[in-house]
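Okay, structure first, notes after.
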Amino acid sequence: MQTGVIDEPLGIDQDDKLGVQEYADALFQFITDAQTPMTIGIQGDWGSGKTSLMNQMWFKFNNPQLTTLKAKQIWINTWEHSLLKTPQEALVSIISNIIKSLSEDLDTNRQLAIRETASKVLQGAFRIGASLTAGVEGANVVKEFFGDDQHDNSIASLRRSLNELIEEVSARKYDRFVIYIDDLDRLEPANAVEILELLKNIFNIKHCVFLLAIDYNVVVKGLAKKFGTLTKENRWEYDAFFHKIIQLTFQMPISNYDIGNYLSSLLHDTGFVKEGELDQKDLSTLIQETIGGNPRSIKRLVNNIALNKIFISVKDKRNEQTNAPADPKVEK
C-alpha cells in the first residue's frame, strides 16, 4: 500500500494500465519499417502520456526478442537543455548532446576529432545568444549561421557533419538511429516554436527517425505572434508549419484509454478500495463526465482521495472518544 501516486511517466518495463499497447506496437512497427529520414510528432495535451509512449518505444528497441534491428537511441529532454538559455543556446546544447551520444561508439581519438569539428561549427550559434538583442549585428550573426551553404559556420555545414558522423557510426554498428525529443510542452510557447524551427534544419538525416513529443496547443500559442490568432482563414499557415517538420502525426489515443482499469488500479494501490470493489465501467463513465481522461488529472484526483482517506482516519480516531465512528463506506 502507498500514500498517493507520483506524477511520473510509465517506466520502460511497467505494466500498461491504460490499454494502449496495441497503439504502441503499431507505432513501433512503423518506426522499424519506415524509410528515413523520418520525423514523427507524438501529439497530445500535457500529461496525456507522450513520454510514457516514447518510453515504450525505447524498451522495445532495447529488447532483442522484439526486433533484430540494431538501433542507437538518444533521449533529449529539451526542458533540461533550455534552463537559463536562449532558444539558440538550447539548440546548441541539444545538438552537442546528440553528437556526443553518436560518437561515443567510436575510438577516443575519433571522438575528440569529431567534437572539435562540431565545436567550431557551433561557435557561431553560441554567439547568437549573446547578439540577438544587438540590432544589425545580431541579424548578421543569425545570417552567418543559418545562411550561405558555403559558409564554414552555416547550418548546412552542421548538417553535412552530422550526416558524415551518422554514416560512419552506421557502417560500424547500427541500422537505425532513433532520437527522442521530449518535454517541448514545458517550454514557453514562443521558445518551443523557435527550437522546433531551428531543429527542423537538422532533421533531414539519413538512417534517423526523430520522435517529437508535442502539445499542439503550446505550438499554436507560440505561433500566434507570427501568424496571428488561429482562425479558419490562417489555419493553413499553422498546418504548414507542422507539415514542414513532421511526416507522421501520432495523436495520443486518450479517448480510447481504459480509464476504469487505470483508476481502479491506482485506488487499489493507495488502499482506498479492495480488488473489484468498484465497477470499472462506472468509474470510467464518472471520470469521462467530470475531469476527463488525462492521466495526469487522474493522478491528482487519486492523491486528493488519498489525503482525504488519511483525514477520515484521523477524524474517526477523535470520534472514538465521543461518538461512534462514521460508516467507512459512507465516508468513502
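Quick note: residue numbers are just sequence positions, from 1. Remember, it's a predicted structure, so these values are computed and weren't measured experimentally.
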* Residue that, paired with Ile76, satisfies side chain to side chain contact (heavy atoms under 4.5 Å, CB included) out of Asp182, Ile95, Ile98 ->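 Exactly one candidate clears the test, Ile98.
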Inter-residue atom distance [X].[atom1] - [Y].[atom2], 0.5 Å rounding:
| X | Y | atom1 | atom2 | result |
| --- | --- | --- | --- | --- |
| Lys200 | Ile246 | NZ | CD1 | 11.5 Å |
| Phe210 | Leu199 | CZ | CG | 8.0 Å |
| Ile40 | Ile245 | CD1 | CD1 | 14.5 Å |
| Leu230 | Asn217 | CG | CG | 10.0 Å |
| Ser52 | Leu18 | OG | CG | 8.0 Å |
| Met38 | Cys208 | CE | SG | 12.5 Å |

* **Stacked cation flag Arg296 on Trp46, 6.0 angstrom / 45 deg** =>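 Pair Arg296/Trp46 counts as cation-pi.
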Looking only at atom types and distance, does a side-chain atom of [X] sit under 3.5 Å from a main-chain N or O of [Y], one as donor and one as acceptor?
| X | Y | answer |
| --- | --- | --- |
| Arg176 | Ala34 | yes |
| Asp183 | Thr78 | no |
| Thr285 | Lys281 | yes |
| Ser103 | Lys100 | yes |
| Gln56 | Leu53 | no |
| Asn261 | Lys17 | yes |

[X] with [Y], same ILVMFWY side-chain cluster at under 4.5 Å:
| X | Y | result |
| --- | --- | --- |
| Phe311 | Ile305 | no |
| Leu278 | Ile291 | yes |
| Tyr216 | Val218 | no |
| Leu286 | Val302 | no |
| Leu69 | Met57 | yes |

* Decide whether Ser48 and Asn294 meet the rule of one side-chain donor and one side-chain acceptor closer than 3.5 Å. => no
Any side-chain heavy atom of [X] within less than 4.5 Å of one from [Y]?
| X | Y | result |
| --- | --- | --- |
| Tyr257 | Val20 | yes |
| Val178 | Phe61 | yes |
| Lys70 | Lys173 | no |
| Phe59 | Asn55 | no |
| Glu168 | Arg110 | yes |
| Ile195 | Leu187 | yes |
| Leu196 | Leu212 | yes |
| Asn308 | Phe272 | no |

Minimum heavy-atom separation for [X] and [Y], please, with both atom names.
| X | Y | result |
| --- | --- | --- |
| Ala90 | Ser82 | CB-CA, 3.9 Å |
| Ala192 | Leu184 | CB-O, 3.6 Å |
| Ala71 | Tyr174 | C-CD2, 3.7 Å |
| Ile259 | Ser284 | CB-OG, 4.0 Å |
| Gly293 | Gln288 | N-OE1, 4.0 Å |

* Does the pair Glu197/Lys226 count as a salt bridge with the N-to-O cut at 4.0 Å? ->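 Between Lys226 and Glu197 there is a salt bridge, with a charged N closer than 4.0 Å to a carboxylate O.
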* To do: Test Asp105 against Lys72 for salt bridge (charged side-chain N to carboxylate O under 4.0 Å, His left out), laying out the working first.
  => CA-CA 10 Å; Asp105 294 296; Lys72 172 74 172 178; 3.2 Å; yes
* Asked: Under the side-chain hydrogen bond (donor to acceptor under 3.5 Å, both in side chains) test, which residues partner Glu167, sequence neighbours left out?
  ->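 Checked Glu167 against side-chain hydrogen bond (donor to acceptor under 3.5 Å, both in side chains); matches are His207.
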* May I have all residue pairs that pass side-chain hydrogen bond (donor to acceptor under 3.5 Å, both in side chains) and include part of residues 229-255, sequence neighbours excluded? =>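 Found Thr231-Glu233, Thr231-Asn234.
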* Which residue pairs pass the side-chain hydrogen bond (donor to acceptor under 3.5 Å, both in side chains) test when at least one of the two sits in residues 23-44, sequence neighbours left out? ->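 Checked against side-chain hydrogen bond (donor to acceptor under 3.5 Å, both in side chains) - neighbours excluded - the pairs reaching residues 23-44 are Gln21-Asp25, Tyr23-Asn256, Asp25-Lys60, Gln29-Asp33.
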* Checking side-chain contact (heavy atoms from CB on, under 4.5 Å) for the pair Ile214/Ile42: CA distance, chi angles, key distance, verdict? -> CA-CA 6 Å; Ile214 298 176; Ile42 311 296; over 6 Å; no
* To do: With side-chain contact (heavy atoms from CB on, under 4.5 Å) as the test, would you mind laying out the steps for Leu165 and Ile99 before giving the verdict?
  => CA-CA 8 Å; Leu165 175 56; Ile99 290 172; 4.2 Å; yes
* More than 12 heavy atoms from other groups under 6.0 Å of NZ on Lys221 -> no
* Would the number of heavy atoms belonging to other residues, nucleotides or ligands and lying under 6.0 Å from NZ of Lys85 be above 12? ->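 Yes, NZ of Lys85 has more than 12 neighbouring heavy atoms, counting only those of other groups under 6.0 Å.
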* To do: Test side-chain contact (heavy atoms from CB on, under 4.5 Å) on Lys309 and Thr270 and set out the steps.
  => CA-CA 9 Å; Lys309 177 174 175 286; Thr270 55; 6.0 Å; no
* Begin with the C-alpha distance, continue with both residues' side-chain angles, and end with the deciding distance and a verdict on salt bridge (charged side-chain N to carboxylate O under 4.0 Å, His left out) for Lys50 and Asp185. => CA-CA 11 Å; Lys50 299 185 295 296; Asp185 51 12; 2.9 Å; yes
* Begin from the C-alpha positions of Phe177 and Lys206 and carry the test side-chain contact (heavy atoms from CB on, under 4.5 Å) through to its verdict. => CA-CA 9 Å; Phe177 300 84; Lys206 191 177 178 182; over 6 Å; no
